[in-house]
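Some notes on the structure that comes next.
Counting convention: from 1, in listed order, for ligands and their atoms alike.
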Amino acid sequence: KKEPRKRPSLITDINSVESNFCILEELKNIFEVAIGSAYPDLEDPPIIITLSGNNPKFGDYQCNSSMAIAQLLKAKNVKTNPREVANNILNKTPTSPLIEKIEVAGAGFLNIYLNKSLVEHVLNSIFRFGIKPPPVKRERVIVDFSSPNIAKEMHVGHLRSTIIGDSICRLLEFLEHDVLRINHLGDWGTQFGMLIAHLQDKFPNYKTHSPPISDLQAFYKESKKRFDEDEVFKKRAYACVVRLQSGDPDYIAAWKKICEVSRLEFQKIYDHLDIKIIDRGESFYQDRMVATVKYLKENGYLEEDEGRYIMWGNPDTHEGIPLTIVKSDGGYTYDTSDMATIRQRVEEEKGDRFIYVADAGQHTHFVTIEACAKRAGILKPHQKVENVVFGVVLGEDKKKFKTRSGDTIKLIDLIEEGLKRSLEKLVEKGRDKVLSPEELEKAQKAVAYGCIKYADLSHNRVNDYVFSFDKMLDDKGNTAVYLLYALTRIRSIARTAQISEEALLAEAKKTGFKLTHEAEWKLGKVLLRLPEVILKVANDLYLHSLCEYLYEISSAFTEFYDKCYCVEKDKDGKIVKIYYERLMLCEVTARLMEKCLDILGIKTVSKM
Ligand code: ARG
């Protein structure tokens, strides 16, 4: 039998609550205590707490455990119904400064109404002490993302991986995890044989003079053509692979040159998008692959199959597909390198979480890697391979994303078009007349990079998504442009009132926050949800929830700003009254939006 769970300790004093307080977590704790004492014999009863949605008559949050518990009791032949269960839970619910009241409703819902003074207190701490991450156990997280292939094109799939992966890292870094950002470059393998052989022919003095390969893709195509058509060249290419993998300095030098050229191209994309990542390609694992193969062989995990060595995740059922660990010619594969990789990440990096941001097409590969790594004892039973999958990028015709002439789109061209379109949009709105050239350029970049990132992140990543500059540059709806404008507008409210942050702070210390108007109260409750959204996304890695939350903040703010004056002016435009608390609410709103945008990797501007 399991040990009885420790009772969570509950908040008893509002003043002990800090700016990073997570309401949802506390409610879960409260109801864990309540349900535990109402039904002490139930093992692991479900604690289901959700937001109540838009209708205020259902309260702010709900506890929906009663229906599930009634089912569990019925299975034990206890006669009851969800409403009765709800009432029993309610009777055992400890009082909390978090909760104003709880009502039993409908089929057995418990509607929870938040206590306004708690919300006011937390807003006040955010205002005075800033946004802090909710506390979590610190973990070492390895995030494998972007990961294009040397000498091949970095395509829109890699762009998605780059954007999603960077945002996941930012979120985990905000939570103060120890994050290792890895670029698992495809920089090893048989294609380097033909590339090196071709390099030797075309640029014989490559060791002393950097080869002027500007178009590596064309270089790749040329060498591939020779490889396919010329038997002698093909043999030489194979010989080159052998020399390279045995570490021959001349061949390593040639390989390095080719990698450098590619890497410079990738860096241009990373510079535009402000991506920090550490290069650690497949080549890094060469020795480790040798060691891993030896380990797998010696421990009897490999089976011979027509001259190859394969490994099944489950040797009894032979379910799914096996990994090819050693090819019949003795070479290693993508599977071999990922087995060596996971082993390195567990044993050398001492990782707690292993995240791979790669397109949905590779999901089976990662499922098999996980199964084999578990079987071989590399991963412990509680550890997993988290494959953050995403769908493909489509053009506006809902077909594969291509240029008008049918070519694949170069990422750099795509980004440049974004910059051009973003500038056009700003000029169309006459912003070039109000902003200085520097401000205009800043806005142009924020909008261009922001819109490309946000369009990707705001959709559920598992779905395919349609890439459309028209849609992403729309200033209405859930887009980066709309949000960036909304933010500058909020920032300008305090500016027009000419109240400094210090003056506001002094005011906050004097009066604290009071949420009087209905729209203030509504906005205030939305603003307190950052910790719960962050914790959810840190767990499921679906960033669109964060985007939805950001949009919700901005909608609640718009409603508030429509209904509540922050500054009252007379007919000559002279300020007659300043609502300090509302300006503080503006400040907290702006800071939260900035934080969310920062996690999404989107730069904000003070003017646009
Ligand atoms: N280079 C691969 C590609 O372009 C992605 C690598 C993903 N990471 C990994 N450890 N397999 O599809």
With sequence neighbours left out, write down each residue that passes side chain to side chain contact (heavy atoms under 4.5 Å, CB included) with V326, or none if nothing qualifies.
-> V293, Y309, Y332
Does Y334 have its ring centroid less than 6.0 Å away from the ring centroid of H184?
->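 Distance test on ring centres: not under 6.0 Å, no.
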Inspect the contact between R160 and D359 and indicate whether a charged nitrogen and a carboxylate oxygen are less than 4.0 angstrom apart.
-> no
Mind checking side chain to side chain donor-acceptor pair (under 3.5 Å) for Q191 and listing every partner two or more places apart, or none if nothing turns up?
-> none
Please determine which of M593, M608, K603 meets the side-chain contact (heavy atoms from CB on, under 4.5 Å) test together with L484.
->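 With L484 as partner, side-chain contact (heavy atoms from CB on, under 4.5 Å) holds for just one option, M608.
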List of N/O pairs, ligand 1 versus protein, all under 3.5 Å?
| from | atom 1 | to | atom 2 | distance (Å) |
| --- | --- | --- | --- | --- |
| ligand 1 | 1 (N) | S147 | O | 2.9 |
| ligand 1 | 1 (N) | N149 | OD1 | 2.7 |
| ligand 1 | 4 (O) | S147 | O | 3.4 |
| ligand 1 | 4 (O) | N149 | ND2 | 3.1 |
| ligand 1 | 4 (O) | H158 | NE2 | 2.8 |
| ligand 1 | 8 (N) | D144 | OD1 | 3.0 |
| ligand 1 | 8 (N) | D144 | OD2 | 3.4 |
| ligand 1 | 10 (N) | D144 | OD2 | 2.8 |
| ligand 1 | 10 (N) | D338 | OD1 | 2.8 |
| ligand 1 | 11 (N) | Y334 | OH | 2.7 |
| ligand 1 | 11 (N) | D338 | OD1 | 3.4 |
| ligand 1 | 11 (N) | D338 | OD2 | 2.8 |
| ligand 1 | 12 (O) | Q362 | NE2 | 2.7 |

Pairs of donor and acceptor atoms involving the side chains of residues 393-400, under 3.5 Å and at least two apart or interchain, shall be tabulated with distances.
| from | atom 1 | to | atom 2 | distance (Å) |
| --- | --- | --- | --- | --- |
| E396 | OE1 | S468 | OG | 3.3 |
| D397 | OD1 | K399 | N | 3.0 |

